[in-house]
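Bear in mind the structure is a predicted one, so any value in this text is a computation, not a measurement. Here is how names work: the chains are called A, B, and so on, in the same order as the sequence lines, proteins then strands, and each is numbered from 1.
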2 protein chains.
Amino acid sequence: MNTAKRKRLESKGWKVGTAEEFLSFSPEESAYVELKLALSKTLQETRREKKMTQEQLARLLKSSQSRVAKMELSDPSVSLDLLVRSLLALGTSRKNLVRMLA
Amino acid sequence: MNTAKRKRLESKGWKVGTAEEFLSFSPEESAYVELKLALSKTLQETRREKKMTQEQLARLLKSSQSRVAKMELSDPSVSLDLLVRSLLALGTSRKNLVRMLA
DNA sequence: ACAACATATGTCAAATTTGACATACTGTCA
DNA sequence: TGACAGTATGTCAAATTTGACATATGTTGT
């Protein structure tokens, strides 16, 4: 959603020090973050099942190791788009994709 | 998934005149496009069920009528991200979201 | 402890996506 | 016909996302 400020709160759940922001998320923000978390987790699981390193996956995706790491950590700088495309590139079928989200 | 060139092929299925590009899509590209199409369709259906105009939905999403139109047309310039966030903002539950994709 | 490998984190220029605007198109009603 | 509401399409500056790089932090075997 909008500002990059809030994004810093997303991934890990909260940040302790930053006293200024202790806003709760709207339902749709939560749902969005949860979706991303589910996909991240699935991506990591899938990669591990295939016995690949982040580096190898990065090559497959024409991306970089650091971005793969961020994907698996559900970093705020990673879009749903990238996560979905990566899973698809790993051969995840739509059916499986849907199952993992359910 | 790279170049913006291919993107032009995405939405409608193909473009007649542009003889240069007649490349077929890889399975994951197809899956990606199909996902977007499913979401677009759902977005339009949901909006209509709620008897909203694109303009009204745009206001709700803090976007613009033209972008809503592009979303519903699954324009290549629209990300999965935006589609999902819009559906969530419309109150679509994760459960429903998943069902529409299945 | 030291390598060697894997993963995490920060930064940044380049690429993509976004809202906004103008404007065109498509009905529909009088 | 013409006015109006709704939708489509093209463009563009601003915002966000991306791959790449450097570097830090594990982790495992010797």
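- Across the protein-nucleic acid pair, A/Glu72 atom CD and C/dT9 atom P stand 12 Å apart, rounded to whole Å.
- In this structure, the side chains of A/Leu83 and A/Leu35 stay at 4.5 Å or more apart for every pair of heavy atoms.
- In this structure, CD of A/Gln54 is placed 13 Å from C1' of D/dT27, rounded to the nearest angstrom.
- Among the protein residues, A/Arg47 comes within range of the sugar-phosphate backbone only, with heavy atoms under 4.0 Å from sugar or phosphate atoms but none that close to a base.
- Distance check: B/Gln54 CD to B/Arg59 CZ gives 12.5 Å after rounding to the nearest 0.5 Å.
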**OP:** Starting from the C-alpha separation in whole Å, work towards a yes-or-no answer on side-chain contact (heavy atoms from CB on, under 4.5 Å) for B/Val84 and B/Leu88.
**Re:** CA-CA 6 Å; B/Val84 168; B/Leu88 291 175; 4.0 Å; yes

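- Contact annotation: the side chain of A/Glu55 never approaches that of A/Ser64 to less than 4.5 Å [non-hydrogen atoms, C-beta and beyond].
- Put simply, the side chain of B/Met71 does not reach to within 4.5 Å of the side chain of B/Asp75, judged on heavy atoms.
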Write down the protein N/O and nucleotide N/O pairs, taken from nucleotides 28-30 of chain D, whose separation is under 3.5 Å; answer none if there are no such pairs.
none

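- For the residue pair A/Leu61 and A/Ser86, the shortest heavy atom distance occurs at CD1-OG, 3.5 Å.
- Results of the salt bridge (charged side-chain N to carboxylate O under 4.0 Å, His left out) test with B/Glu72 over B/Arg48, B/Lys41, B/Arg47 single out B/Arg47 as the only residue that passes.
- Rounded to an integer number of Å, the gap from B/Lys51 NZ to D/dT7 P is 13 Å.
- Here the P atom of nucleotide C/dC5 and the CE atom of A/Met52 are 18 Å apart, to the nearest Å.
- Remark: P of D/dG6 and CD of B/Gln44 are 15 Å apart, rounded to the nearest angstrom.
- Closest heavy-atom contact between B/Leu97 and B/Thr92: N-CG2, 3.8 Å.
- Atom CG in A/Asp75 sits roughly 11 Å away from atom P in C/dA8 (whole-Å rounding).
- The interatomic distance linking A/Leu73 (CG) with D/dA24 (C1') rounds to 14 Å, in whole Å.
- Between the side chains of B/Glu29 and B/Ser26, at least one donor N or O lies within less than 3.5 Å of an accepting N or O.
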**OP:** Do nucleotides 18-30 of chain C as a string where each nucleotide becomes B, S or -: B if the base has a protein heavy atom under 4.0 Å, S if just the sugar-phosphate does, - if no protein is that close.
**Re:** BBBB---------

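- Atom CG in A/Leu43 sits roughly 12 Å away from atom P in C/dA8 (whole-Å rounding).
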